[in-house]
Chemist: 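Below: one structure in structure tokens.
Because the structure is predicted, anything quoted here is derived from the model rather than measured.
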Amino acid sequence: METMSALQGLLGGVLIGLSATLLMGLLGRIAGISGILSGLIFERGGDRPWRFAFLLGIVSGPGLLILVGLDWGNVAGGSGMVVGVPASGLTTMLVAGLLVGLGTGMGSGCTSGHGVCGLARLSFRSMAATLVFVLVAMLTVFVWHHWLGSTA
């Protein structure tokens, strides 16, 4: 791993940790993206503005970096692009997104809520959920590459 890549990863981790800490400290809320999005869509109440601002920050961050000329961590097909064409096609991407949404509902949270916030609180439930997330992801990649023969 090159030094710049390591520094970018470290900075990204610090910013994620800082945002999770500020959200917990200032609002008493867990920075679980699926819960924040679900609350924005399905709940009515006074906490919609912070949910919208939090999600807007996540989505706009990469675009702002590109606008100021910092093409850090851009995984799109080319420089100046924020999001590239899905590697496996739009249908696969939509099905994958729906399955992730279903899984976060069944697991009562996502990798940000359990993996970042739950592990930091030493929550046994979050440790178990994160372990399951990682193992299923590894199994999915193995099956996709070795049994289904996909290189995407």
Side-chain angles (χ1 to χ4, degrees), residues 1-43 45 47-48 50-65 71-77 82-152:
M1 179 184 292
E2 64 182 70
T3 304
M4 190 59 174
S5 179
L7 291 175
Q8 291 169 349
L10 178 64
L11 177 61
V14 167
L15 290 174
I16 289 169
L18 180 62
S19 67
T21 301
L22 287 172
L23 191 59
M24 176 60 81
L26 296 175
L27 299 177
R29 307 297 282 213
I30 297 289
I33 308 308
S34 60
I36 293 172
L37 179 61
S38 174
L40 180 65
I41 295 171
F42 298 113
E43 295 177 14
D47 65 350
R48 290 176 58 101
W50 75 261
R51 290 175 187 272
F52 181 75
F54 192 91
L55 293 170
L56 182 63
I58 289 172
V59 173
S60 65
L64 291 175
L65 283 177
D71 203 10
W72 290 357
N74 185 8
V75 295
V82 179
V83 177
V85 177
S88 296
L90 186 58
T91 303
T92 302
M93 192 70 110
L94 289 172
V95 170
L98 290 171
L99 289 173
V100 168
L102 179 65
T104 58
M106 291 172 61
S108 299
C110 56
T111 51
S112 55
H114 285 299
V116 174
C117 301
L119 292 181
R121 294 182 295 117
L122 300 177
S123 163
F124 179 75
R125 182 170 161 252
S126 289
M127 288 179 202
T130 303
L131 180 63
V132 169
F133 295 157
V134 171
L135 290 176
V136 169
M138 291 168 60
L139 178 64
T140 301
V141 169
F142 179 82
V143 168
W144 186 259
H145 286 288
H146 298 286
W147 289 356
L148 300 177
S150 176
T151 58

Chemist: I need the Leu37 CG to Phe42 CZ distance, nearest 0.5 Å.
Modeler: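 Reported to 0.5 Å precision, the distance equals 8.0 Å.
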
Chemist: Suppose we screen for side chain to side chain contact (heavy atoms under 4.5 Å, CB included). Which residues come up paired with Leu64, at least two apart in sequence or across chains?
Modeler: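 Expected list: Ser60, Leu67.
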
Chemist: Which pairs count as salt bridge (Lys or Arg N to Asp or Glu O under 4.0 Å) when at least one residue sits in residues 22-43, sequence neighbours excluded?
Modeler: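 Non-adjacent pairs meeting salt bridge (Lys or Arg N to Asp or Glu O under 4.0 Å): Arg29-Asp47, Glu43-Arg51.
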
Chemist: Taking salt bridge (Lys or Arg N to Asp or Glu O under 4.0 Å) as the cut-off, I'd like each qualifying pair that reaches into residues 5-17, sequence neighbours left out, listed once.
Modeler: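 Applying salt bridge (Lys or Arg N to Asp or Glu O under 4.0 Å) to every pair that reaches into residues 5-17, excluding sequence neighbours, yields nothing.
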
Chemist: Could you give the distance from CD1 (Ile33) to CD1 (Ile58), rounded to the nearest 0.5 Å?
Modeler: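 These two atoms lie 3.5 Å from each other.
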
Chemist: Enter the distance from Leu131:CG to His114:NE2 here, rounded to the nearest 0.5 Å.
Modeler: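 Interatomic distance, Leu131 CG to His114 NE2, rounded to 0.5 Å: 12.5 Å.
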
Chemist: OG/Ser123 to CD1/Ile30 distance, rounded to the nearest 0.5 angstrom?
Modeler: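 Result: 9.0 Å between the selected atoms.
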
Chemist: If you look only at distance, which donor and acceptor atoms sit under 3.5 Å apart when one is on a side chain in residues 9-25 and the other is two or more places apart or in another chain?
Modeler:
{"from": "Ser19", "atom 1": "OG", "to": "Leu15", "atom 2": "O", "distance (Å)": "3.3"}
{"from": "Ser19", "atom 1": "OG", "to": "Ile16", "atom 2": "O", "distance (Å)": "2.9"}
{"from": "Thr21", "atom 1": "OG1", "to": "Gly17", "atom 2": "O", "distance (Å)": "2.8"}

Chemist: When rounded to the nearest 0.5 angstrom, what distance separates CG in Leu40 from CZ in Phe54?
Modeler: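 If I round to the nearest 0.5 Å, the distance is 12.5 Å.
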
Chemist: Which pairs with one or both residues in residues 94-103 pass salt bridge (Lys or Arg N to Asp or Glu O under 4.0 Å), sequence neighbours excluded?
Modeler: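 Salt bridge (Lys or Arg N to Asp or Glu O under 4.0 Å) check on residues 94-103 returns no pairs.
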
Chemist: Residues two or more places apart in sequence or in another chain: which of them pass ring pair (Phe, Tyr, Trp, His ring centres under 6.0 Å) with Phe124?
Modeler: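 In terms of ring pair (Phe, Tyr, Trp, His ring centres under 6.0 Å), with neighbours along the sequence ignored, Phe124 is linked to no residue.
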
Chemist: List, one per line, each side-chain donor-acceptor pair under 3.5 Å for residues 134-143, sequence neighbours excluded.
Modeler:
{"from": "Thr140", "atom 1": "OG1", "to": "Val136", "atom 2": "O", "distance (Å)": "2.7"}

